[in-house]
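Have a look at the structure below, then the notes.
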Amino acid sequence: MSRVALVTGGTRGIGAAIAKALKKEGYKVAANYGGNDEAAAKFKAETGIPVFKWDVSNYDACVEGLKKVEAEVGPIDILVNNAGITRDAMFHKMTPDHWNAVISTNLGSLFNMCRPVIEGMRARKFGRIVNISSINGQKGQMGQTNYSAAKAGEIGFTKALAQENAKVGITVNAICPGYINTEMVQAVPKDVLEKNILPQIPVGRLGEPDEIARCVVFLVADGAGFITGSTMTVNGAQYIV
Ligand code: CAA
């Protein structure tokens, strides 16, 4: 029987590419989304992938949402924590709301999503968790103290959870995309993107969502059981770790 995969923020951008790629590989896929009903309905109609709406920054909402996914699709074998937001501002202009929204959505969600599924994965002695971090968690980014902190936190979380679950067939890995051609990057002011970001990418272009999706497919395979606690860097050589 095919394994069940859940992708958070899975109806747009990198998440949608991941969900589609996993479906193409034969997994049973479910996609969570947070707010954009129109995009989710379009994604569902185009892909046939069921969509489930809840806020990953809320623990109780995750518990309830995960129950629904497991009832309708099956116990979760593969969890891709992709949902994330930006609230960019220089730190001296950043508000508590900017800070809290990004920390709770991008980092808090890892606790909220992994905690309810980890016991089932441990009992079944199989699990694949992939956390979509960012180049900006590795190198820091001006205008993103909140986002850089959350994304760096995801890497630490990944390493700790990987160690705890290595003996029970569960792998936990992080992927650090660079600047990928999505709405999130398109929202960066055009002059900043063209003047400050693109010239820093030796490959000479933004990445494409499919270029991240293929990394997820690689990491979640049954044959990838020895790859755990790792951080996969996918940024066109913008920052080499
Ligand atoms: N890299 C280098 N320099 C940058 C920069 C960046 N990413 N962002 C801003 N700067 C520079 C600006 O060019 C400007 O320099 P000059 O004064 O020499 O022109 C200076 O910083 C101040 O910038 P602003 O005038 O724009 O200041 P602001 O207060 O109006 O806005 C900002 C600040 C909100 C941070 C805005 O510049 C911005 O949105 N920058 C983009 C930040 C960024 O890179 N975000 C990544 C989003 S994509 C993402 O997060 C996905 C991922 O994982 C990679």
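Ligands are counted one by one from 1 in listed order, and the atoms in each one are counted from 1 as well. The residues of the chain are indexed from 1 along the displayed sequence. These numbers come from the heavy atoms of this one structure, side chains and all, not from hydrogens, waters or symmetry mates.
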Taking only heavy atoms of [X] into account, list the atoms of ligand 1 that are under 4.0 Å away from them.
| X | result |
| --- | --- |
| M184 | 49 (C), 51 (C) |
| N136 | 54 (C) |
| I197 | 7 (N), 44 (O) |
| T86 | 50 (O) |
| V185 | 48 (S) |

**Study point:** Per atom 53 (O) of ligand 1, closest listed option by heavy atom (S134, G207, A187)
**Key:** S134
Check your understanding: What do you reckon, does D88 have a nitrogen or oxygen under 3.5 Å from a nitrogen or oxygen of ligand 1?
Key -> yes
Check your understanding: Among pairs that include at least one residue of residues 133-151, which meet salt bridge (Lys or Arg N to Asp or Glu O under 4.0 Å), considering only residues two or more places apart or in two chains?
Key -> K151-E154
Check your understanding: Is G178 in contact with ligand 1, taking contact as a heavy-atom separation below 4.0 Å?
Key ->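 G178: in contact with ligand 1 (<4.0 Å).
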Practice item. Please confirm whether K195 comes under 4.0 Å of ligand 1, counting heavy atoms of the residue only. Key: yes
Distance-only donor-acceptor hits, side chain of residues 234-241, under 3.5 Å, sequence neighbours excluded:
residue, atom, partner, partner atom, Å
N235, OD1, A237, N, 2.9
N235, OD1, Q238, N, 3.0
N235, ND2, Y239, O, 2.7

Practice item. Mind listing the closest non-hydrogen atom pair of A17 and P209 along with its distance? Key: CB-CB, 3.5 Å
Exercise for review: Indicate whether atom 39 (O) of ligand 1 is within a distance of less than 4.0 angstrom of some protein heavy atom.
Suggested key: yes
